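Basis for what follows: all heavy atoms, side chains included, without hydrogens, waters or symmetry-related copies. Quantities reported herein were computed from a predicted structural model and do not represent experimental measurements. Chain letters run A, B, ... following the sequence lines, proteins first and then strands; every chain starts at 1.
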Amino acid sequence: MMKKLPEEKVTPFVEKLLKDYEVLGPIQTAGFVSFGRITSPGELKLNHQNSTKAPKEAFFPQWEVLFRYRSTGQSVEVQSTEDPGRTRILFGIRPCDIRAALLLDLVFDSLDSKDPYYINKRKGTIVVGLGCNHPVSTCFCPSVNGGPFSREGADLFMTDLGDGYLVEVLSRKGRKLLQYLNGKEASEEDKERAMAIEDSAARGISSVIEADGLMEKLEKMMEAPFWDFLHEKCLGCGICTYLCPTCHCFDIADEAFDLRGQRVRYWDSCQFPLFTLETSGHNPRPTGRERIRQRIMHKFNYFFSTHKAIACVGCGRCIIHCPVNLDIRRVIDDIHRE
Amino acid sequence: MEEIQNKIRQEVAQLLSEGQVDFVIGFEQGSLPLRATPFFLRDIADANLLVWSPFCENNLATYLTKIQGKRVGLIAKGCDVRSVVALVVEKQIQRDHVVVIGVPCQGMVDRRRIEREVDGEILKAHQEGEEIVVEGRDFRKSLPWKKYLYPSCKRCEHRNPLIYDTLIGEKLVEEAEGAYHEIEAFEKLSPDERWSHFTEEASRCIRCYACRQACPMCYCAECFVDSSFPKWIEKGLDPSDVQFWHIVRAYHQTGRCVGCGACERACPMEIDLVYMTQKINRDVKELFGFEAGLDLDSPPALSTYRVDDQQEFIK
């Protein structure tokens, strides 16, 4: 089902959603866009290229309390902090980031491991996707099974027509939002314009990575001299992993205050030495060589062999934000040349 | 700049051919407009890939403490050289292990400010004399690049390398308005205003530690945030933990920061970081007459004492 949401009806639409739902969307913070909870439609910045920090935080926050505890001397009381009943809308998320959520589902919601903290948030979220009319030069989603108008994983999907949005209903969850949408059926002309925008966006993708054969190539490269040099200019910060929409490594710790405390989970990064430091003092990944190899191997080999998908969605965040311009596209090209 | 670039290439080719260094750290063309990227160069044939432009923004001295037992050629701006001096003084590197190819620096361009000057994505950029020409899908704009220097470059008083083995090109006239006038203005704000600036800036931190990793002076084998026994700090985004990180990071720089701005350039969340170290730099200068990275023979202010050190602060 396709509806047309004229420009002037966007505000009333979001206002109505806000009455019944918690809405997360792209908002301007300082000089850049990030996803956050909005309280009024005016805060939404829907013409954003993409947020600096990925919206994976909606399902997998950088830092979350799993439960609280208190020792009474005789026993320990444990109190859940989960709120499984919440329903939220993730509004204006780009197709690459939706694809990332589908990849995270493979990790946190698989047959043999269920992460309730992730699943509660994921299941309780309605995903309103927004197509990318103008992908930027660092976008390469089609190389990794995505696309600027890929609808996979969206409950509603919006195409910016310039004078409003074409809104498609793609799931039962998405259908629930129809009642808030005071729009007419989309006309044939609207649909044709949307198709033209979609075609032009696909043509606008200028970056490519060669995914075919990459896994097999890496399979034989564990001890290649390639890694001895690749890491040299890497600073060893966590930007690429923390801004990545598919990176999902975490650590768990107790934040204790006397007899009470909370168990928290927070993002961790394979680029930090502490990530693999063992209690004995031994570190199996002692230098940048092993750490950058881990990042590349995990995304393009290990994840693929486990889940039959590459753990990269081509969003370009690691390219744009790397302080030393270590570009994953060049890394992949160089791997193929090895 | 092209002339300087050619001289750098010649000098590096000679260093490598004479076997004076194992490798050279410089810059090559980046993969994005407005970017150059650090380049570890071993093969003389690659010397013509070296670039010199207003986009060579990284402090390359940060790599030196990670390199053991090699002789390194370093293409070094004024601030990179100050870091070399500070690292030698702190006994982290040996002076004779580094061949400093000093380049007087006209300042580096703040790419994010340039990006904000245009609507749409910059697809190409190049320098034409005093202008940076940026081009996108439907625009072409010339911007006077010296208006878009990083704040740390604008206040830089040591654009010329203070020590070097070879100097490329002519020395420049030092023309900064003074390193500390911004911090003097900041000090005039009320404590509430200063605290709210600090907490707002820190609230964007994602604890990626790019500021630490980009800093030549952050070389501790174990950073206090990574210690689990004792655990000094939690790892999440509780404001008190994030603020604690930023305060201690700045304090650990006391008398050590050379003001290169590498921390701010690396920060993906564009957090105002340098004002804190600037404040401490100025205090150390006033109290002890010391600025980091100026003199190979002066020990760091906090690692030594003189009988005439100021002591009014001891109550």
Heavy-atom contact with chain A under 4.5 Å, split by part of [X]:
X	answer
B:Arg112	neither
B:Asp226	both
B:Ser31	both
B:Tyr63	side chain
B:Gln29	backbone
B:Leu123	side chain
B:Glu57	side chain

Original post:
Do you know the tightest heavy-atom contact between B:Leu237 and A:Lys53?
Top reply: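 Answer, listing the atom of B:Leu237 first, then A:Lys53: CD1-NZ, 4.1 Å.
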Original post:
If you take all heavy atoms of B:Glu121 and A:Ser137, which pair is closest and at what distance?
Top reply: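 Result for this residue pair: OE2-OG, 2.5 Å.
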When you look at [atom1] of [X], are more than 12 heavy atoms from neighbouring residues, nucleotides or ligands closer to it than 6.0 Å?
X	atom1	answer
A:Arg330	CZ	yes
B:Asp43	CG	yes
A:Arg260	CZ	no
A:Asp258	CG	no

Subject >> Heavy-atom contacts under 4.5 Å, residues 212-222 of chain B to chain A >> reply: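 Listed by number, the contacting residues are B:Gln213, B:Ala214.
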Original post:
Given A:Leu243 and B:Ile206, is the side-chain contact (heavy atoms from CB on, under 4.5 Å) satisfied, shown in steps?
Top reply: CA-CA 9 Å; A:Leu243 299 187; B:Ile206 59 169; 3.8 Å; yes
**OP:** Decide yes or no for B:Arg137 and A:His134: does some side-chain heavy atom of the first lie under 4.5 Å from some side-chain heavy atom of the second?
**Re:**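 Yes - at least one pair of side-chain heavy atoms lies under 4.5 Å apart.
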**OP:** Please flag which part of A:Asp254 lies under 4.5 Å from any non-hydrogen atom of chain B: side chain, backbone, both or neither.
**Re:**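 Contact with chain B is through the backbone of A:Asp254 alone.
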**OP:** Would you mind checking which part of A:Leu277 comes under 4.5 Å of any heavy atom in chain B, side chain (CB onward), backbone (N, CA, C, O), both or neither?
**Re:**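 Neither part, no heavy atoms under 4.5 Å.
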**OP:** May I ask you to decide if B:Ala36's main-chain N or O and A:Asn325's side chain share a donor-acceptor pair within less than 3.5 Å?
**Re:**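 No; judged by distance alone, with no hydrogens or angles, the pair does not exist.
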Taking [options] one by one, which has the highest count of heavy-atom pairs under 4.5 Å against chain A?
options	value
B:Ser228, B:Gly236, B:Cys267, B:Cys211	B:Gly236
B:Met269, B:Lys231, B:Glu270, B:Lys66	B:Met269
B:Tyr209, B:Phe229, B:Phe40	B:Phe40

**OP:** To the nearest 0.5 Å, tell me how far B:Arg35 CZ sits from A:Cys322 SG.
**Re:**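 Reported value, rounded in 0.5 Å steps: 7.0 Å.
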Using only non-hydrogen atoms and a strict under-4.5 angstrom cutoff, which residues of [range] touch chain B?
range	result
residues 261-275 of chain A	A:Tyr266, A:Phe272, A:Leu274
residues 286-295 of chain A	none
residues 225-239 of chain A	A:Phe229, A:Glu232, A:Lys233, A:Cys234, A:Leu235, A:Gly236, A:Cys237, A:Gly238, A:Ile239

Original post:
Should B:Leu32 and A:Thr138 be marked as a side-chain contact (heavy atoms from CB on, under 4.5 Å) after you check the CA-CA gap, both sets of side-chain angles, and the distance that decides it?
Top reply: CA-CA 9 Å; B:Leu32 299 173; A:Thr138 44; 3.5 Å; yes
